[in-house]
Protein chains: 2
Amino acid sequence: MASIKDVAAEAGVSVATVSRVLNDHPSVSAEARARVLAAVETLGYRPNAVARSLRTAQTHTLGLVISDVMNPYFTELARSVEEEARALGYSVIIGNADERPDLQDHHVRNLLDRRIDGLLVSPTDGGSPLMLDAVRAGTPMVFVDRWIPGVDVPVVRADGQGAVRDLVAHLHGLGHRRLAIIAGPAATTTGRERVEAFREALGAYGLELPDAYIGQGDFQADSGRRVTEGFLDLPEPPEVVFAADNLMALGALDAVRARGLRVPDDLALAAFDDIRWFVHTDPPITAIAQPTGELGRAAVRALVDRIEGRPGESVTLPARLVVRRSCGEPPASAEPSPATNRSQS
Amino acid sequence: MASIKDVAAEAGVSVATVSRVLNDHPSVSAEARARVLAAVETLGYRPNAVARSLRTAQTHTLGLVISDVMNPYFTELARSVEEEARALGYSVIIGNADERPDLQDHHVRNLLDRRIDGLLVSPTDGGSPLMLDAVRAGTPMVFVDRWIPGVDVPVVRADGQGAVRDLVAHLHGLGHRRLAIIAGPAATTTGRERVEAFREALGAYGLELPDAYIGQGDFQADSGRRVTEGFLDLPEPPEVVFAADNLMALGALDAVRARGLRVPDDLALAAFDDIRWFVHTDPPITAIAQPTGELGRAAVRALVDRIEGRPGESVTLPARLVVRRSCGEPPASAEPSPATNRSQS
DNA sequence: CGCAGTCGTGTAATCGATTCCATGACGATC
DNA sequence: GATCGTCATGGAATCGATTACACGACTGCG
């Protein structure tokens, strides 16, 4: 593979001149520039990003450590992150933590070793020493979706409180009184917050959220199945299950189906995070939709701001309720088109 | 950030000794080793992967250029690729081509500039000059899922022919005679092959595949919707639509639903690529399942073989039919459990 | 006791870029 | 015509690692 020296030799100039042409520095004669460009062309030369990064101490790369790529919500987040980053001249390296703190640390370490310019994290736990060290060392960082309390890092996330209130209003209106939730890991902010928002919304209707109706999940389908089975085995099972993410909703659906029961007749179901397939499930699933693409883009902008020395601020966007049929009688009118979901709030 | 020089100074040895300790080279005294490790500890030193890569001309990184991350099939592929690569001591950088040749080239160029050790590609088109140049230049490469004919690169893929035959047998047995397909782009091997396999399987039953029953899709949901609408507008619409990937099946479902029609009564539906949600759609969708995880792992092994100087061979694994209810009367027995899908062949 | 071989260590070259500094040519100004 | 500034260019240092080579100390053997 041709190096800058080869180009310099071919063009009959010094490496300094080649470098200047490549970085279009003003003081290069038109003639030298032409000769260099011709040499670049004939040799098929491409600058070595590794060498360049060593010298400039910049990689123009962002790290994205995500809780679980197989979760469509995070897949979409990753996609929007990459798009916005590309638009701003950065590449993205994704690390999939699979909801495992050890894997998360592995990826953070790997990304730091590669000297990425900044880190976007959706933390799987309450903050490992490694992550806290990275923050202390001044690594530009932004949290997205989930965050670690008490750490001075901008957070870009959706606020589900209003939507959860809308959901509970909807459920209450359908006559449901025994409402249960499949929570995410207590170590995550979203795991805790969604339970709190739910409890608070129930309180407004004078309803309780007993411990037996709080199932401990881990944001994976299997835990949704397991928790739902537990709910169904209760002497007084809930009438509604609210899954704190879409994968646990899938598991809940599996569990209900395995018992030969039906949604919503035997058990109503709602989920946090809307995905395209929810329109076509049996029945279509009522969900709380996050502005995922906008979150990803805002997170990248905040991170790049930090990297380039600007403040980089936190952003909170509202989530919204999308009513379908999984909680009971269909809404007044069907969704106008399969492509767009109707919001009720 | 501390460098190897700082460690050397702290430990009172030369940088060479530090490097030897770090790469556990045999000839270092126990005492020097201890002092170096202590210094590494107190400084929180981590080797700079950029500098190391420059010197060793190895990045221990694989590039994965994938057609579309939002497609669950590719998401799963990416996940298994990363897992196997990690097990073999490599990291993976993913580039999402979004089915766009220009984006694909962008990512290939970017990865090449970063001097990745090898490239895993699921080509979106018939092979850009850039990609062909990379092959010619000797970049270790392996194609996965799709490939470019006439290029000497190992291919790891699933063979769907048997499963497509099984599917057509199933459809024929249900009494369907007018079968249509939503094809993928003709520039991709999977786009062409699936049509050919379908045509051939139909032939075995004396059935034709008229041009009107071949819809041109692009592996994205919108095209599935558009093509299905076209089919439904035909004077003699097909009885079955076979979508060449799961996203186009989603689009087909949208289209059928928008007309107020039902699957399978008004139009039967089958898809290439099985995903977890197909169990819970209305109705559950009959699909051809690829051994996705095994494909990803095999592809990484082949690529790493190439990188480390071993041959690196092509692998073809069989896909299998998973019968559900989207084509007509349910199979003899229901799926035994939601977690495992029953194969019929 | 002397010589060869082994072992631990340091010096310095190297990877491929960027960039500071020096130099020479040339034009403008007084 | 001397002086100064600008411009194009090249030489060399530098980033942070790895590694070939040299060297001194020590061991073992004849």
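The chains referred to below are lettered A, B, ... by the order of the sequence lines, with proteins before strands, and numbering in each begins at 1.
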**OP:** Considering just the side-chain nitrogens and oxygens of B:Ser29, establish if one lies under 4.0 Å of OP1 or OP2 belonging to C:dT9.
**Re:** yes
Original post:
Between atom CG in B:Asn23 and atom C1' in D:dA17, what is the gap in whole Å?
Top reply: 9 Å
Original post:
Once you round it to whole Å, what is the distance between C1' of D:dC15 and CG of B:Asn48?
Top reply: 9 Å
**OP:** Would you check if there is a donor-acceptor pair between the side chains of A:Arg114 and A:Thr59 at a distance under 3.5 Å?
**Re:** no
Original post:
Side chain of B:Ser91, backbone of B:Thr61: donor and acceptor closer than 3.5 Å?
Top reply: no
**OP:** Can you tell me the distance, in whole Å, between the CZ atom of A:Arg114 and the C1' atom of D:dG16?
**Re:** 16 Å
Original post:
Can a donor-acceptor pair be found between the side chains of A:Asn96 and B:Glu82 at a distance below 3.5 Å?
Top reply: no
**OP:** Find the distance A:Leu22:CG to C:dT19:P and express it as a whole number of Å.
**Re:** 12 Å
**OP:** Using a heavy-atom cut-off of under 4.0 Å over every strand shown, decide if A:Val50 touches base, sugar-phosphate, or nothing.
**Re:** nothing
**OP:** Write down the distance between CG (A:Asp6) and P (C:dG16), rounded to a whole number of angstrom.
**Re:** 8 Å
**OP:** Select base, sugar-phosphate, or nothing to describe what A:Ala32 touches, counting heavy atoms under 4.0 Å on all strands.
**Re:** sugar-phosphate
**OP:** Taking only the side-chain heavy atoms of A:Ser19 (C-beta and beyond), determine which of D:dA8, C:dC15, C:dT19 contains the nearest atom.
**Re:** C:dT19
Original post:
Base, sugar-phosphate, or nothing for A:Ser27, non-hydrogen atoms under 4.0 angstrom?
Top reply: base
**OP:** Check every atom of D:dC15, C:dA17, C:dG10 against the side chain of A:Tyr45 and return the nucleotide holding the closest atom.
**Re:** C:dA17
**OP:** Would you mind reading off the distance between B:Asp24 atom CG and D:dT19 atom P, rounded to a whole angstrom?
**Re:** 13 Å
Original post:
More 5' along DNA chain C: A:Arg20 or A:Lys5, using each one's nearest nucleotide?
Top reply: A:Lys5
**OP:** Would you please confirm or rule out a distance under 4.0 Å between OP1 or OP2 of D:dG10 and any side-chain N or O of A:Ser14?
**Re:** yes
Original post:
Of A:Glu313, A:Glu308, A:Glu294, which meets salt bridge (charged side-chain N to carboxylate O under 4.0 Å, His left out) against A:Arg301?
Top reply: A:Glu294
Original post:
Heavy atoms under 4.0 Å, any strand shown: does A:Val13 hit a base, just sugar-phosphate, or nothing?
Top reply: sugar-phosphate
**OP:** Output the single nucleotide from D:dG16, C:dA17, C:dG10 whose closest atom is nearest the side chain of A:Ser3.
**Re:** C:dA17
Original post:
Are any of the side-chain heavy atoms of A:Asp117 and A:Tyr90 separated by less than 4.5 Å?
Top reply: yes
Original post:
In whole angstrom, what separates B:Arg55's CZ from D:dC15's C1'?
Top reply: 14 Å
**OP:** May I ask you to verify whether the side chain of B:Arg52 and the base of D:dT18 hold a donor-acceptor pair under 3.5 Å?
**Re:** no
**OP:** Return the nearest nucleotide to the side chain of A:Ala16; candidates are D:dG11, C:dA17, C:dT9.
**Re:** D:dG11
**OP:** Return yes if a side-chain donor-acceptor contact under 3.5 Å exists between B:Asn48 and B:Arg52, otherwise no.
**Re:** no
Original post:
Is any side-chain N or O of B:Thr17 closer than 4.0 Å to OP1 or OP2 of C:dG10?
Top reply: yes
**OP:** Would you kindly give the CZ-to-C1' distance between A:Arg35 and D:dT9, to the nearest whole Å?
**Re:** 11 Å
Original post:
Under 4.0 Å between a side-chain N or O of B:Thr56 and OP1 or OP2 of D:dT18?
Top reply: no
